[in-house]
Structure formats: C-alpha cells, structure tokens
There are 2 protein chains.
Amino acid sequence: MSVMTHHISGNCADCPIRHRAVCARCEQDELEELESIKYYRNFEAGQTILWSGDKMGFVGTVISGIASLTQTMEDGRTQMVGLLLPSDFVGRPGRDGSAYDVTATTDVVMCCFRKKPFETLMAQTPHIAHRLLEMTLDELDAAREWMLVLGRKTAREKIASLLSIIARRDASLSPNGPAGPMVFDLPLTREAMADYLGLTLETVSRQMSALKKDGVILLEGKRHVTVPDMGRLMEEAGDDSDGGLMA
Amino acid sequence: MSVMTHHISGNCADCPIRHRAVCARCEQDELEELESIKYYRNFEAGQTILWSGDKMGFVGTVISGIASLTQTMEDGRTQMVGLLLPSDFVGRPGRDGSAYDVTATTDVVMCCFRKKPFETLMAQTPHIAHRLLEMTLDELDAAREWMLVLGRKTAREKIASLLSIIARRDASLSPNGPAGPMVFDLPLTREAMADYLGLTLETVSRQMSALKKDGVILLEGKRHVTVPDMGRLMEEAGDDSDGGLMA
DNA sequence: GGCCTCAATTGATCTGGGTCAAGGCATATA
DNA sequence: TATATGCCTTGACCCAGATCAATTGAGGCC
C-alpha cells in the first residue's frame, strides 16, 4: 500500500456522508453500493492498524481519533510520514502491501470497505477514480511541503510549522473566528511530535518552552495550546505563504 | 500544480512510445488523440520551466535531461522535493497553479500536451486517469521514503541513499548485470545534491571523499562514479529493504 | 601560453541539536 | 499514605554538520 489522506470538506460525523464525500458527484446507486460493502473497525490508542509489508484487505476513512503513518529503520530510528485525522482516507487501491506502519495515536474508529469490491466499484465509476486522484495529488503536495520542513527548517521553525498546521486544521475551534486567538489541544505526545519533525523529544520540549517564554503560544497543562497571534506563529514557522501537510 | 514523476518502463527514446506508456491499455484512437495535441519544448540548463505560483497550461513528460522540483523560503533556503528524469511526467491535471519551481538541471526536452485537451481526453478515457493515479501513488511513496532520509539519516547515509537511488535507476548502465559493479555519471552538481539531501555542498563534498576513501565508491573526475558493491552501498544507506525516490 | 569562470575540495572553527542524566508532576494501584 | 508509571521538563556536555575561508582543477576563450 501506501496511504492517502485528505480532509474532505463537509460533515464528517457519520459514515454515509463520507461516502458522498469520497465521490461528491456519484449517483445514489453508487452510494448504495458503497453502503453494502462497508463495515466499522475500532482500534485502541497505541494499537497498530497495519504493519508495513502486510497485505491489506481494506481501504477506509478515519471517523474519529488520530492515526499516523511511520517508517522505521532497523536500528529503531523512526520518522512519521503522515498524520491521519478524521475524514482522512487510508488505503491504496491497486496495491497489496502497506509501505508504512499505520498506528492509532489515540483511540480510532474507521469505516472500511473491503478492497476488492471497492476496486471493482472504482473501475466502474470514473468519478471515484478522479476523486482519489485529486486526494492523492493533495497528499503529494503536503508530503513535499513537509520535505522542506524536514530538510531546511530549524527546530523552532519545525515546531511552529507543526503548531500552525494543527491550528489551521482546527480552525473551527477558534472562539473568535480565524482572526482571533486559536485554541486547541495537541493530539500528539512530545515523542510523536519529535517523530514527525525529525527531532528528539527533548528538543521538542525545549522549543515548546521557548515559544511559551517568548509569548508565541500559551500553554495550559502540557497539551492545551492558545495561539494569541496566528500571524506571529506563521512568521516563526518561516512560512508566509503556506500549505498544510494535512491538506 | 503539483508535479508527478514516474519511471515508465520501456523505450523512452521517442515521444509516441511514451504516449503508449502513459496509458498502456488505451486504444489506438486515444494515441491518435494524444498525438494531435502534443508539441515539443526545449529548455537550457539552469532555465526555469515553471515558477511556483504560475498557472500552467500544459502537462508533459521529460524526454531527455534532468529537471528538478524545488521549494524556496524567503531567506533563500531551498529544498529539492523531486527529480524528473527522462520519461517522468510533469503536471497536475485538474489544478491551475504550480506549487514548486520546476527547473532544468541539464538541458531538457519535454513532450507537452495542452492541459485542457488532455484533461478532456482524460475524462473520456478512464484508463488514463487510473494510470495517473498509479503514478501519483508511486510518487507519494517516494516522497514519504525521502522524508525518512531527510528526517533521520546522517549525512553519510543521505549521500549513500542518493547514490543508491541513482544507481538503481540507471541499472541498465551496469556492464555486468545488476550483481556486478554499477557505473554511472552523476547528473547533479554538489550543490544540487545538497539541496536534495538537506545538507550544505561542503558536507556533500566531504562525505563523497569519505565514501571514496573507504572504497564504497570510486570516483573518476568529479562526476563519474563506480560502485563496486551495491550491497555495501545500501548498507551505508542504512537501508536494506528499499524503495526508490524515483520509483 | 595566460586568464577567466565555475565546480569542487579541504581546512579551521563554531553551534544547534543530540545525548545522557536527574527530577517533576500527574493519574493509577494498593 | 505510599508507590508505581507515563509523560514531560530541565541541565550539562558533546559532536555532526554548518559556516567561513582559502585553494585546486578543469574547461573555454583570446
């Protein structure tokens, strides 16, 4: 496999709506078809959804919780290569194996489709293929955006980039609109942040403290973040024009 | 835009063959259609093919030469996010703008299709969309593979990873089959290598010298490389199981 | 030959972030 | 109340790779 993620606009609280989102233009018939091959799966925090190299028998979307895609070297070094948030798509039509470990970072509920029928359906309905192509292109943009972060940014800029992406993704949580302060809870441990950013957890912790001391963010407890000024945060990220990994 | 690259198997010396490669299963009619909207463009080494943010009016494949996708920060730091080798596809059906600078690293010849007609054709022929989806998924895998390189590997491992990818891509150039020594010319300056690997050109140079001193590679001049033992090189890359950026 | 220019090498020094190690602070278990 | 466990913070030190700088070498051109 390889995994695709994409934030589909619209209501993501229930699965059938997501079917519509997967293919906004497809007819009721196709939705029915999708309905008939869907099923739900639950995963606990820390549980591995899919091992790298496994053949995977399903594709699906994350309904709730956070999952992550990680690659690991023999000596244990790991790099997170993608974050899956609710409404993101998992799976690779046309491929058997997974290229990464897919792990539930929090408790996760997924809505799955058996792979074979899904592929059959996709072959019959061009709109689904087009939608998947679009999603994959967005994923590719996001991955490449992240290559700049990993290759060229300082630790402080990396942290600011991650916070800014999460904040943007959770724009709905802003109490006073996108211009006002942003408030959100970090869905990741310091270690997970480090794996995403190509840093150590100690450096993540230090830079979080530094951003706090400098008033770029406010921290309540370890996870609850307030960003008084998004513009300032994005400056810190070294990134005016912007594109988010989570598309 | 965003750009997709993929090494299509088969003869890449002439353009019509590549049309067939874009859609191996499409009928003659479709090839004819593609023929009628194609045209060639030449670019000199160093020339920018497409600026980030530009609307792009074409898609196409690289016929000869090397092009690269780069992202640049305001202060000048740059990261290469993709390499386009002959037979690789450029363009993003369905999107207008480019997200990256596309630059000719050497002299480049491209076979282009005007974007609109290509999209129309794609909408009519599902096989093309499927092929593009596959290519994009490969690109995504490659980009994520590279995230591990950028985030977690040492300078020496990064260099070895790059050499091993180029060597594998040029497997045909091995005089004694894939098991024998590999010989190839580096298509990149030290600086371009550095931009790809998230290093400085000095570090690239030092690590090349080190790999040479340790017998991992032989250097004739600055660009002509012999790899006596590919297994050794891949060990140095910290990468037994393997996936190539250039898919 | 002499003189550019551009790519690459090599040396000397500095520093951001890694590494190792010691707590702190919750929530959980007894 | 004690005790463990998971997550996080902070400090002290070190080193891989960045930075600054000098030099070499291979064409190309007059």
Side-chain angles (χ1 to χ4, degrees), chain A residues 44-47 66 73 75-79 105-107 149-163 185-214 217-225 236 238, chain B residues 44-47 66 73 75-79 105-107 149-163 185-214 217-225 236 238:
Chain A
E44 288 174 19
Q47 198 180 350
I66 312 259
M73 295 172 65
D75 61 8
R77 282 176 282 176
T78 74
Q79 175 68 49
T105 293
T106 64
D107 289 350
V149 174
L150 290 174
R152 292 301 185 192
K153 291 195 178 178
T154 65
R156 175 184 261 244
E157 289 169 334
K158 286 178 174 182
I159 299 284
S161 297
L162 179 57
L163 293 177
D185 283 294
L186 276 174
L188 301 173
T189 64
R190 298 290 186 263
E191 188 179 26
M193 292 172 68
D195 283 343
Y196 206 11
L197 296 166
L199 298 171
T200 59
L201 69 91
E202 293 95 329
T203 297
V204 170
S205 183
R206 275 187 256 271
Q207 295 298 336
M208 288 289 287
S209 298
L211 288 175
K212 177 182 170 185
K213 182 166 68 62
D214 297 346
I217 58 172
L218 308 178
L219 269 179
E220 219 171 319
K222 288 117 186 346
R223 301 289 194 91
H224 192 73
V225 179
E236 292 284 352
Chain B
E44 289 175 18
Q47 198 179 350
I66 311 260
M73 296 172 64
D75 61 8
R77 282 176 282 176
T78 74
Q79 174 68 50
T105 293
T106 65
D107 289 351
V149 174
L150 291 174
R152 293 301 185 191
K153 290 195 179 178
T154 65
R156 175 184 261 242
E157 288 170 335
K158 285 178 175 183
I159 299 284
S161 297
L162 179 58
L163 292 177
D185 283 294
L186 275 174
L188 302 172
T189 65
R190 297 290 186 264
E191 187 179 26
M193 292 173 68
D195 282 344
Y196 207 11
L197 297 167
L199 298 171
T200 60
L201 69 91
E202 292 95 329
T203 297
V204 170
S205 183
R206 273 187 256 271
Q207 296 298 334
M208 288 289 288
S209 299
L211 288 174
K212 178 183 171 186
K213 183 167 67 64
D214 297 346
I217 59 173
L218 308 177
L219 270 178
E220 218 171 320
K222 288 120 187 342
R223 302 287 195 93
H224 192 75
V225 178
E236 292 284 352

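Reckoned from all heavy atoms, side chains included, excluding hydrogens, waters and symmetry mates. Naming convention: chains lettered A, B, ... in sequence-line order (proteins, then strands); numbering from 1 in each chain.
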S.K.: Looking at dC8(D), dA12(D), dA8(C), which one has an atom nearest to any side-chain atom of T189(B)?
M.R.: dA8(C)
S.K.: I want to check something: taking the side chain as every heavy atom from C-beta on, are T189(B) and R223(B) in contact at a cut-off of under 4.5 Å?
M.R.: yes
S.K.: Check whether the side chain of E191(A) and the base of dC7(D) form a donor-acceptor pair under 3.5 Å.
M.R.: no
S.K.: Toward the 5' end of DNA chain D, which comes first, K222(A) or K222(B), by nearest nucleotide?
M.R.: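 Result of the comparison: K222(A).
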S.K.: In this structure, how many angstroms lie between the P atom of dG16(C) and the CD1 atom of I159(A), rounded?
M.R.: 16 Å
S.K.: At what distance, to the nearest 0.5 angstrom, does OG1 of T200(B) lie from CZ of R206(B)?
M.R.: 7.0 Å
S.K.: Report the distance from atom CD of Q207(B) to atom P of dT9(C), rounded to the nearest whole Å.
M.R.: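 My rounded result for the distance is 12 Å.
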S.K.: Got L197(B) and K153(B) here, is their nearest side-chain heavy-atom distance under 4.5 Å?
M.R.: no
S.K.: Just so I know, are the side chains of L199(A) and M193(A) near enough to count as touching, which here means a heavy-atom distance under 4.5 Å?
M.R.: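 No, their side chains stay 4.5 Å or more apart.
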S.K.: Below 3.5 Å, does any donor atom in the side chain of R206(B) face an acceptor in the base of dG11(C), or the other way round?
M.R.: yes
S.K.: If you draw a 6.0 Å radius around CD in E191(B), do more than 12 non-hydrogen atoms from other residues or ligands fall strictly inside?
M.R.: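 12 or below, so no.
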S.K.: When all nucleic acid strands are considered with a 4.0 Å heavy-atom cut-off, which category describes L199(A): base, sugar-phosphate, or nothing?
M.R.: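 Sugar-phosphate: the residue L199(A), judged by heavy atoms under 4.0 Å, touches backbone atoms but no base.
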S.K.: Base, sugar-phosphate, or nothing: which does G198(B) touch, judged by heavy atoms less than 4.0 Å apart?
M.R.: sugar-phosphate
S.K.: Quick one: is dT10(D) close enough that its OP1 or OP2 comes under 4.0 Å of any side-chain N or O from S205(A)?
M.R.: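 Looking at the OP1 and OP2 atoms of dT10(D), neither is under 4.0 Å from any side-chain N or O of S205(A).
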S.K.: In whole Å, I'd like the distance from the CG atom of L219(A) to the C1' atom of dT9(D).
M.R.: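 From L219(A) CG to dT9(D) C1': 12 Å.
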S.K.: Between R156(A) and R223(B), name the one whose nearest nucleotide on DNA chain C is closer to the 5' end.
M.R.: R223(B)
S.K.: To the nearest angstrom, how far is D195(B) atom CG from dA18(D) atom P?
M.R.: 12 Å
S.K.: Rounded to whole Å, how long is the line connecting atom CE of M208(B) with atom P of dA7(C)?
M.R.: 16 Å
S.K.: Just how far, in rounded Å, is P of dA8(C) from CG of D185(B)?
M.R.: 12 Å
S.K.: Can you measure R152(B) atom CZ to dG17(D) atom P for me and round it to whole angstrom units?
M.R.: 14 Å
S.K.: Just how far, in rounded Å, is P of dT9(C) from CG of L211(B)?
M.R.: 12 Å
S.K.: Respond yes when some side-chain nitrogen or oxygen of T154(B) is under 4.0 Å from OP1 or OP2 of dA16(D), and no when none is.
M.R.: no
S.K.: DNA chain C: E202(A) or R190(B), which has the more 5' nearest nucleotide?
M.R.: R190(B)
S.K.: Looking at T200(A), I'd like to know whether one of its side-chain N or O atoms comes within less than 4.0 Å of OP1 or OP2 on dG18(C).
M.R.: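 Yes, within the criterion.
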